[in-house]
Amino acid sequence: MQYNHQEIEKNWQKYWAENQTFKAENNSEKPKYYVLDMFPYPSGAGLHVGHPLGYIASDIYARYKRHKGFNVLHPQGYDSFGLPAEQYAIQTGQHPAKTTEENITTYRRQLDQIGFSFDWSREVRTSNPEYYKWTQWIFIQLFNSWYNKDTDKAEDISTLEKVFKKEGNQNVNAVCDEDVKSFSADEWNAFSKTEQEEILLQYRLTFLSDTEVNWCPALGTVLANDEIVNGVSERGGHPVVRKKMTQWSMRISAYAQRLLDGLETIDWPQPLKDSQTNWIGRSQGAMVTFKVDNGSIKESSAIKLSYKELEALKELRQNSTKAETTLWNQLKNKKGASKFRRKYTIGAFLVDYVCVSKNLIVEFAAKEDEAARTAYFYNEGFNVIRFTNEEVLKNVEKVVSEINFAIQFPKVSVKDTAKKEVEKNENQYKIDVFTTRPDTIYGVSFMTLAPEHELVSKITTDAQKAEVEAYIEATAKRSERDRMADVKTISGAFTGAYAIHPFSGEKIQIWIGDYVLAGYGTGAVMAVPCGDQRDYDFAKHFNIPIPNIFEGVDISEAAHTDKEGTKIANSDFLSGLKYKKALKLAIFEMEKRGFGYGKINYRLRDAVFSRQRYWGEPFPVYYKDGMPQMIDAEHLPIVLPEVEKYLPTEDGKPPLGNATEWAWDSRAKKVVSNDKLKNKTVYPLELNTMPGWAGSSWYFNRYMDSNNEGEFASKESLDYWQNVDLYIGGSEHATGHLLYARFWQKFLFDKGIVPVDEFAKKLINQGMILGTSAFVYLVKPEIYADLRNRNNDGGINVITKKVFISSNKYETLKGDSKDLAQEIKKEIIEKYFPIQEDYVKIDIDVYKIHADISFVNNSEELDTVAFSNWFPEFKNAKFITEEDGTFKVSREVEKMSKSKYNVVNPDTICDEYGADALRLFEMFLGPLEQAKPWKTSGISGVYSFLKKLWKLYVSEDGVIVSEEKATKDELKVLHKTIKKVQEDIENFSFNTSVSTFMIAVNELTTLKCNKKEVLEPLLILLSPYAPHITEELWSKIGNNESISTAAFPIFDEKHLIESSKNYPISFNGKMRFTLELSLDLSKEEIEKIVLENEKTQEQLQGRTPKKIIIVPGKIVNIVG
RNA sequence: GCUCAAGUGGCGGAAUUGGUAGACGCGCUGGAUUCAAAAUCCAGUUCUUUCGGGAGUGUGGGUUCGAUUCCCACCUUGAGUACCA
């Protein structure tokens, strides 16, 4: 009987499915163990061999734990909402649900053939209404909660309302929006319902706000920070711009500290913890308030535009109407005193054209705020004339002559600045800064504000106005990306204003500079040039003094950024103190004097939760008087409506704006047609959908009780399974899924819904399996023909001809140089590109192009026939081969991808070698966490191992396993294997256990062992790795039950005890020979035997050893 | 720039309380079997050598009787992150 993997694997997969072998119960005598894989997004391309790596590892562990007597939960499902299905729908009109269903069918078939021990009865799909019902439910819970900093947990919003009613919000210590105004109980009670709702929204854990979002025009949606890589979208690499939109957000910042603290309690990979720590970005320091010097606030016509407004205007500038362009073409040529500028800002207004020297504004008529503009412009001393689009388009000459007339005969004679009303603020301006080094406050020699800082316009003096304005505009023109890319250039401008140092009372200059970011901290810094390199560079560049406040430190070349071990000097009460003490004292003094306090700052921003997409969870939200209302949980799920088109609507609404049945009837409690919106009790529903991470942030809890229709999951099941014991998945989710899931888990824990506040105890990141791409070299001549004799099409034929050169041949010809030698080029041209005409110059370029790996055999030889038929343009390709006539490709390791033609499909592997071989091979490739290249040729090793294993049990005549007693050597092999395999599995070192199995089988084959006493336990050891063949052999040697719950063999030390040891005998640490010695010998005895040995004498050549080191059972080292 | 991880044969990789470097597998070479091939089996395979040996785990130092393993400096590669005050 031969090993027939196809038949065996099919049979056992059928058996497991029919017998529900891996179905887990929610209660058991056995201890529980929960093994989880990150569930896949079912993409249209199906699985390649890289995908199952993590699933195989977790499956081995799950099966091992079953053998070890655990009640194992090992579920699988699909993260089935997502962009690719939606984009496919946009292109083809195919409903995403349909594509998703089809893809899942493929995935399921591919997963099943690998023989995973999943409990499919618990499958979840995030796009199923029965599932997302509970995603919506969690959203409602978040909406109905606020974060109480005093109790350090989320609480029901009703507790907050009670406090407001009783005492207003002065004493509430909550995580909330920054601009919450304070109110008393009376004020609260006097607020209208809408006003109250607006205020509560500022406290809720999910809230609506106008946020600057990352808008991706190409995808038509908003992206989270972690969905952007290097300024472009992670998916598709489209540009991303900042845009203001009303969006749902999640107050994840409330959990910043707990997310950080929780990392200490979980066994996750350090790099992953590091990146979460980094993402949360905690920094401890102080908030300090600097007053702006009164004298420096002059009467000033402020720059009225903030940076953000400038940005918005800039965008407008790019879209000119036809009339605007027509008129500009006429005006732009005016020179000198009548020069016009286009789209220029006057105060807070963007005017179409302005002639600054003549105080004349030219605008298109019918702007909304015309009256206000006119008033302002006159006040500022400008004359305004307006034209309609029609006038310009009809007769632009007439318009221009009117403008010329206005320039010559201005209506308002002089710009009268004296009239201007200037608000005099009595020292109102304060600048708050966050610093991690309050101990260096005496080193402050200037302050820097972000150009976007709101105070900039208010404090800039007249003298500096032009410079500051120019700088702001220059910064505005640079994109976020440019600013980040260019960190070397130092730029900034002095505002002319001064701040007062809170301790010393000295006047310090206030600058603006783009190295200060508006989005972090307060958008302002106190600059300590001696202690911060950026401040130092800035000070050097602009010649600002750099006071030294460190004792005995040279700062002539660079800032001194070390804090430990340095004493502070020249700092009044801080002088002579070291970092830690100075820090504490500085904060203490600030708090005492009332201009600062200790503070912890986090980089973590609240997470935007709205997506302008179709294929996601709809919000259980409708709008009444503009305020969001939750739909009662009993009416969930709110099912995704059908739409005609999956694109955003023409007026820019999200795709759900296309739905005709998308209104909430608050009386009938159901979704109704939009026609009914005119009714009083019918309201519009939310048009956004939830982001991809919504469904994946809690699915691990759903598996515990996935078919429960009445609850998120029953309390009993949650209490029983608690959390995931082992979670396996890719590291790319470090700051996305894994952070959000931890956040939701903590929230659910606060609300008493789940019993633990970390969802996964241990996490392993499996490494990527890379593809081995094949390349062929395309020879491309560049021939410069003599044009005088050239006929028309000769040259073109030559160029389109495809000639490939074999890899080794190319390398040889090339030699050490970068290019082919001139004479070789000439030879190739003459042989492969014969042309009639004379050429004046030739050159050859060699290009590397991907070849599909299916055309290449194990010896790197290309099937040139198959390759020629691959694409029509290769039809008549010529191949410059090696001397032996073969054509070789070159290889390179890259990410597995369709576009690189290096994808290996597990289907073909399972077909040819079987799932057991695939499983073993994927584990054998290398350590689980490590990235490693796939080479199909290597699989023959594990395949012949399986055949060898088979032969131990079955010969041509049938089963050969005997009941005979095993020999000592045979038992030794077995127990050695038990020990190693058990250790390896527990250390997740699956690659080494595969080699242990190979060694065991090789040794047992040599021993010709066929004893059941050894061979039966061996099957259990191997069954987590190769479940099909072991089930088959298990039943062949007389077992009726599945092997999956057989008890793991117990290691017995006694079989490994040795009586002697083959000692390595080293001289000066280098091993020269070995000597078999009894382990009973004492040190002295060993020394005597070794020294007497003739080989030792030979090594010593008469010298006397200085020292002899003997470690019994280990080594002998002779020095001298 | 910063942080982290890693550098071992032709290739994937093994070996850490410091104790025989290269397990296991691929590939390659030779042989057996076969009409032949596949499959299978046997032997060899770090480099070098004058066949005695000698060198060798990215490079240079150090600690040690002994270092792939520990320490210092540097180089290279990969990952993450980036003006975070």
Side-chain angles (χ1 to χ4, degrees), chain A residues 2 229-230 269-275 277-279 281-283 285 433-437 440 447-448 450 483-488 490 513-517 519-528 531-535 537-538 601-603 731-732 734-735 765 767-768 772 858-860 891 893 920-921 924-927 929-945 947-948 951 989 991-999 1002 1005 1061-1075 1098 1105-1111 1113-1120:
Chain A
Q2 292 281 311
V229 179
N230 294 330
Q270 198 53 43
L272 195 152
K273 286 186 181 182
D274 289 346
S275 76
T277 306
N278 197 295
W279 193 259
R282 179 192 147 111
S283 49
V433 298
F434 176 75
T435 175
T436 52
R437 297 293 304 275
T440 63
M447 302 191 77
T448 315
R483 259 174 89 171
M484 286 204 288
D486 176 25
V487 297
K488 293 265 150 56
I490 295 160
D514 68 359
Y515 80 97
V516 176
L517 303 176
Y520 183 76
T522 61
V525 300
M526 55 175 234
V528 184
D532 183 285
Q533 194 56 45
R534 290 157 306 168
D535 295 343
D537 295 340
F538 195 86
N601 215 31
Y602 298 95
R603 198 182 72 124
S731 56
E732 67 273 19
T735 51
N765 291 131
M768 210 189 311
T772 312
N858 289 343
S859 316
E860 322 294 1
R891 294 281 200 171
V893 171
L920 282 166
F921 185 54
F924 190 54
L925 280 176
E929 300 91 333
Q930 193 176 302
K932 52 229 163 227
W934 175 276
K935 260 175 97 181
T936 303
S937 58
I939 203 168
S940 61
V942 291
Y943 188 59
S944 49
F945 157 75
K947 284 190 284 191
K948 250 173 148 175
K951 279 194 205 155
S989 175
N991 53 327
T992 49
S993 46
V994 176
S995 82
T996 306
F997 289 128
M998 289 175 171
I999 293 167
N1002 287 346
T1005 305
K1061 155 96 190 166
N1062 196 17
Y1063 277 92
I1065 313 297
S1066 304
F1067 293 81
N1068 297 320
K1070 295 207 189 297
M1071 201 280 291
R1072 293 303 176 207
F1073 61 91
T1074 60
L1075 206 56
E1098 200 177 300
K1106 286 188 190 131
K1107 203 170 170 187
I1108 296 168
I1109 284 115
I1110 293 163
V1111 184
K1114 283 248 164 99
I1115 196 173
V1116 176
N1117 189 19
I1118 298 165
V1119 188

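Below, chains carry the letters A, B, ... as their sequence lines are ordered, and counting in each starts from 1.
Counting non-hydrogen atoms under 4.0 angstrom, A/S940 reaches the backbone sugars and phosphates but no base. Note on A/K1106: nothing from the nucleic acid sits closer than 4.0 angstrom, heavy atoms only. At a threshold of 4.0 angstrom between heavy atoms, the contacts of A/I999 are confined to the sugar-phosphate backbone, with no base atom among them. Residue contacts shown for A/V525 include a base, since a base heavy atom lies under 4.0 Å away. A/N1117 comes within 4.0 angstrom of a nucleotide base, judged by non-hydrogen atoms across all strands. Looking at heavy-atom distances under 4.0 Å, A/T1074 makes contact with a base. Contacts of A/S944 with the nucleic acid, taken as non-hydrogen atoms under 4.0 Å apart, involve only primed sugar atoms and P, OP1 or OP2. At a threshold of 4.0 angstrom between heavy atoms, the contacts of A/N601 with the nucleic acid are absent.
Partners of A/F945 by ring-ring contact (aromatic ring centres under 6.0 Å, His included), not counting sequence neighbours: none found.
Note: A/F1067 and A/F1073 have tilted aromatic rings, judged against thresholds of 30 and 60 degrees for the angle between ring planes.
In this structure, the side chain of A/K932 engages the main chain of A/P927 through a donor-acceptor pair within 3.5 Å.
No side-chain N or O of A/N1117 forms a donor-acceptor pair with one of A/K1107 less than 3.5 Å apart.
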For nucleotides 12-17 of chain B, read 5' to 3', which letter fits each nucleotide if B means a protein heavy atom sits under 4.0 Å from the base, S means only the sugar-phosphate is that close, and - means neither?
BSS--B
In B/S/- notation (B base, S sugar-phosphate only, - none; protein heavy atoms under 4.0 Å), nucleotides 43-54 of chain B written 5' to 3' is -----------S
Stepwise side-chain contact (heavy atoms from CB on, under 4.5 Å) check, A/Y515 with A/D535:
CA-CA 9 Å; A/Y515 80 97; A/D535 295 343; 2.7 Å; yes
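What you find for A/Y1063 and A/V1116 is that their closest heavy atoms are CD2-CG2, 4.1 Å.
Glycosidic conformation, B/rG12: anti, with the torsion outside 90° of 0.
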